[in-house]
Engineer: 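Have a look at the structure that comes next, please.
Owing to the predicted nature of the structure, the values given are computational and were not obtained by experimental measurement.
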Amino acid sequence: MMRSRYFLLVVAPLLAVTLPLFAVLAVRGEDGMAGERLALCAMSAFFNVFIIHYHLTTPPHPKFLMLRERKFAVRVHVVSGMVELAAGIVAYSSPDPVIPATVMAVAALCGHVPSALYQTSIVFGAKAIMLPGYIFVISLHAFCAVNLLLNPSSTVWIVNTFLALNVYVWVRVFIGIFNYLDLFPDTRYSVAVMFSGFVVVPGVIGVAGNLLLVGFVLAHLALYKAVMKPSAAEFEDFTTEKEREALINDGVREAWAEMTDDGEHASEQAAARALFDRLDTDGNGALDLAETARLMGEWKLSPQFIRTFVNRHGEYGHVTFDAFYSHLYQVHGVRNRADNAEPPTAATDHEAARTVFEELDLDRSGAIDVFELRLLLLGWGLPESEADKYLRRYDHGDRLISFQEFYEGMRPIWRFGFYVLSKDQRMSVL
């Protein structure tokens, strides 16, 4: 219901204004930019070689593989994108471009555009920027592909469609640059998306396209606040960066370190009690929803997730100290393990899975609580409904995931997780 209301009342009005502006601003080839646009196409084609190599050598992110429908969508996206790329190159090089140009347009409209639109709900980065940015570019891609289908002999629309397809290539280029220079560490993905838009969009609809892109993002944010009326916590979640390569968010570790660093309390349980008492502002011996949210807000978790935790571990909406210590405070242990971690090594898949399992087993219980996995999935930006659907496959009522269940059923998570842990250790040495 929320998603359909969002598209009907936020996205649809924006597109009703934006699509006619695409037609007004669209480059027809008489703007004197033909050489620059071809140079941009050539650079995009060049960087595609590295992007293809990246995807062949890097495990795909688990959230694209965990559900059957997501796996199907990402395969359609990849295959249609490769067909569109190849057909575009052939069409531009051919003296009779009608057939390859038609293939290019059909691949975009029947494969790449709908699969990209389907994936918008699980975007990384800050959704306040990522959602309107993705919707804008996807709509521009569809607009170009429709015009190409109607004018398959037009070199201009072949170039426009090719450029719109390659926005993602420039996202990866800028992420690589930002990683190398260590820029925008907290908002890297969102900034890379905007930079890529500023590079590609003017090549398709002229220099005014950047103003239209910025206006679309700002109008989307204003309309979202006016129509959806998010709470302060929901709006903060909407504007918080969702990290792509994270197992346990560094902010979680830092929050625990700051809030539990008290030299007067020697024992872990005493430190936990001190933190609990500081959170228990009304002094009634239990944490209500607002008091729990005060702590969990430091972790940038959604309000829905906070309510789920309180409902599960609380008694009549209140979390006792025992529940707090057993299910929340133990997360602090992960920071100590992370600080003293050796670079991970694994000779077999079993060892790699074990390494990731121990990283996610926050309370060292020998099993991963569904809560801990849910924390991970939501941190990646997965909608709660999809996180729950995936976890229900492995929860047999005890809400615990054994190592064997993790190893046999959650290969996408531990395969990607080991890659992230290994990469993090390599980066720390450099």
Engineer: Can you confirm whether Val167 sits close enough to Leu140 that some side-chain heavy atom of one is under 4.5 Å from a side-chain heavy atom of the other?
Structural biologist: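 No, every pair of side-chain atoms sits at 4.5 Å or beyond.
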Engineer: Is Arg75 atom CZ crowded by more than 12 heavy atoms from other residues, nucleotides or ligands, each under 6.0 Å away?
Structural biologist: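 Not buried by this count: 12 neighbours or fewer within 6.0 Å.
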Engineer: Between Val103 and Val83, is there a side-chain heavy-atom distance shorter than 4.5 Å?
Structural biologist: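 The answer is yes; the side chains approach within 4.5 Å.
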Engineer: Looking at Tyr407, does the NZ or CZ of Arg354 lie under 6.0 angstrom from its six-membered ring centre and within 45 degrees of the ring axis?
Structural biologist: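 Because its charged atom misses either the 6.0 Å distance or the 45° angle limit, Arg354 does not stack over Tyr407.
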Engineer: Has Arg5 got a side-chain atom pairing as donor or acceptor with Val227's backbone, closer than 3.5 angstrom?
Structural biologist: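 It does hold such a pair.
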Engineer: Take Phe162 and Ile89, measure what side chain to side chain contact (heavy atoms under 4.5 Å, CB included) needs, and give me the verdict at the end.
Structural biologist: CA-CA 8 Å; Phe162 187 88; Ile89 294 173; 4.0 Å; yes
Engineer: Working note: Leu212 + Phe22, criterion side chain to side chain contact (heavy atoms under 4.5 Å, CB included); need CA distance, chi angles, decisive distance, verdict.
Structural biologist: CA-CA 9 Å; Leu212 184 59; Phe22 285 163; 3.9 Å; yes
Engineer: How far apart are the closest heavy atoms of Leu131 and Thr120, and which atoms are they?
Structural biologist: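 It is CD2-O, 3.2 Å.
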Engineer: Can you see which heavy atom on Asn284 is nearest to which on Ala286, and at what distance?
Structural biologist: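 In this case the closest contact between Asn284 and Ala286 is OD1-O, 2.7 Å.
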Engineer: Can you tell me how far apart CZ (Phe276) and OG1 (Thr320) are? Round to the nearest 0.5 Å.
Structural biologist: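 Spacing of CZ (Phe276) from OG1 (Thr320) equals 6.5 Å.
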Engineer: Atom CZ in Phe184, atom CD1 in Ile177: separation rounded to 0.5 Å?
Structural biologist: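 Between Phe184 CZ and Ile177 CD1, I get 11.0 Å after rounding to 0.5 Å.
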Engineer: Run the numbers on Ile135 and Phe216 for side chain to side chain contact (heavy atoms under 4.5 Å, CB included), then give the verdict.
Structural biologist: CA-CA 10 Å; Ile135 291 169; Phe216 190 91; 4.1 Å; yes
Engineer: Under the side chain to side chain contact (heavy atoms under 4.5 Å, CB included) rule, what do Arg37 and Asn160 come out as? Steps first, then yes or no, please.
Structural biologist: CA-CA 9 Å; Arg37 294 170 67 233; Asn160 284 348; 2.3 Å; yes
Engineer: Report the distance from atom OH of Tyr168 to atom NE2 of His141, rounding to the nearest 0.5 Å.
Structural biologist: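 Answer for the OH-NE2 pair, Tyr168 versus His141, is 15.0 Å.
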Engineer: Short question: side chain of Ser402, backbone of Glu405 - any donor-acceptor pair under 3.5 Å?
Structural biologist: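 Yes.
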Engineer: Can you see which heavy atom on Ser115 is nearest to which on Gly111, and at what distance?
Structural biologist: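 In this case the closest contact between Ser115 and Gly111 is OG-O, 2.7 Å.
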Engineer: Classify the angle between the aromatic ring planes of Phe238 and His220 as parallel (below 30°), tilted (30 to 60°) or perpendicular (above 60°).
Structural biologist: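 Taking His220 first and then Phe238, their aromatic rings lie parallel (interplane angle under 30°).
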Engineer: So, does Thr239 use its side chain to make a donor-acceptor pair with the main chain of Ala128 at under 3.5 Å?
Structural biologist: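 Pair absent, no side-chain N/O of Thr239 close to backbone of Ala128.
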Engineer: Walk me through whether Phe47 and Trp170 qualify under ring-ring contact (aromatic ring centres under 6.0 Å, His included).
Structural biologist: CA-CA 8 Å; Phe47 284 124; Trp170 288 95; 5.3 Å; yes
Engineer: Side chains of Phe235 and Leu221: closer than 4.5 Å at any heavy-atom pair?
Structural biologist: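 Phe235 reaches Leu221 side chain to side chain.
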Engineer: Do Val173 and Phe50 have side chains that get closer than 4.5 Å, going by heavy atoms?
Structural biologist: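 Heavy-atom side-chain distance check fails, nothing below 4.5 Å.
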Engineer: For residues Val159 and Cys41, determine if any side-chain heavy atom of one lies less than 4.5 Å from a side-chain heavy atom of the other.
Structural biologist: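 Yes, at least one pair of side-chain atoms sits under 4.5 Å.
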Engineer: Between Val204 and Cys144, what is the shortest heavy-atom contact and its length?
Structural biologist: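 Closest approach of Val204 to Cys144: CG1-SG, 3.6 Å.
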Engineer: Determine the minimum heavy-atom distance between Ala108 and Ala145, stating which atoms define it.
Structural biologist: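 Nearest pair, atom of Ala108 first, then Ala145: CB-CB, 3.7 Å.
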Engineer: Kindly confirm or rule out a cation-pi arrangement of Arg188 over Phe174, judged by NZ or CZ under 6.0 Å from the six-membered ring centre and within 45° of its axis?
Structural biologist: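 Not satisfied by the 6.0 Å and 45° rule.
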Engineer: Does Lys127 reach the main-chain N or O of Ser121 with its side chain, forming a donor-acceptor pair under 3.5 Å?
Structural biologist: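 Checked: pair present.
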Engineer: Is a donor on one side and an acceptor on the other found under 3.5 Å between the side chain of Thr355 and the backbone of Glu351?
Structural biologist: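 Side chain of Thr355 to backbone of Glu351: a pair is present.
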Engineer: So do Arg70 and Glu386 actually touch side chain to side chain, heavy atoms under 4.5 Å?
Structural biologist: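 Result yes, sub-4.5 Å side-chain heavy-atom pair found.
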Engineer: Could you check Phe357, Phe406, Phe403 and say which one makes a ring-ring contact (aromatic ring centres under 6.0 Å, His included) with His350?
Structural biologist: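 Output: one option passes, namely Phe403.
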Engineer: Decide yes or no for Thr161 and Glu84: does some side-chain heavy atom of the first lie under 4.5 Å from some side-chain heavy atom of the second?
Structural biologist: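 The answer is yes, as the side chains (C-beta and beyond) meet within the 4.5 Å cut-off.
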Engineer: Would you compute the distance between atom CD1 of Ile205 and atom CZ of Phe143 and round it to the nearest 0.5 angstrom?
Structural biologist: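 Interatomic distance, Ile205 CD1 to Phe143 CZ, rounded to 0.5 Å: 8.5 Å.
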Engineer: For the residue pair Gly133 and Val217, what are the closest heavy atoms and their distance?
Structural biologist: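 Closest heavy-atom pair between Gly133 and Val217: N-CG2, 4.4 Å.
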Engineer: Using 0.5 Å steps for rounding, measure from the CG atom of Asn166 to the OG atom of Ser196.
Structural biologist: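 These two atoms lie 11.0 Å from each other.
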Engineer: Got a second to check how far Phe418's CZ is from Arg415's CZ, nearest 0.5 Å?
Structural biologist: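 The CZ atom of Arg415 is 12.0 Å from CZ of Phe418, to the nearest 0.5 Å.
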Engineer: Could you tell me if the side chain of Leu85 sits less than 4.5 Å from the side chain of Leu165, heavy atoms only?
Structural biologist: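 Yes, close enough: below the 4.5 Å cut-off.
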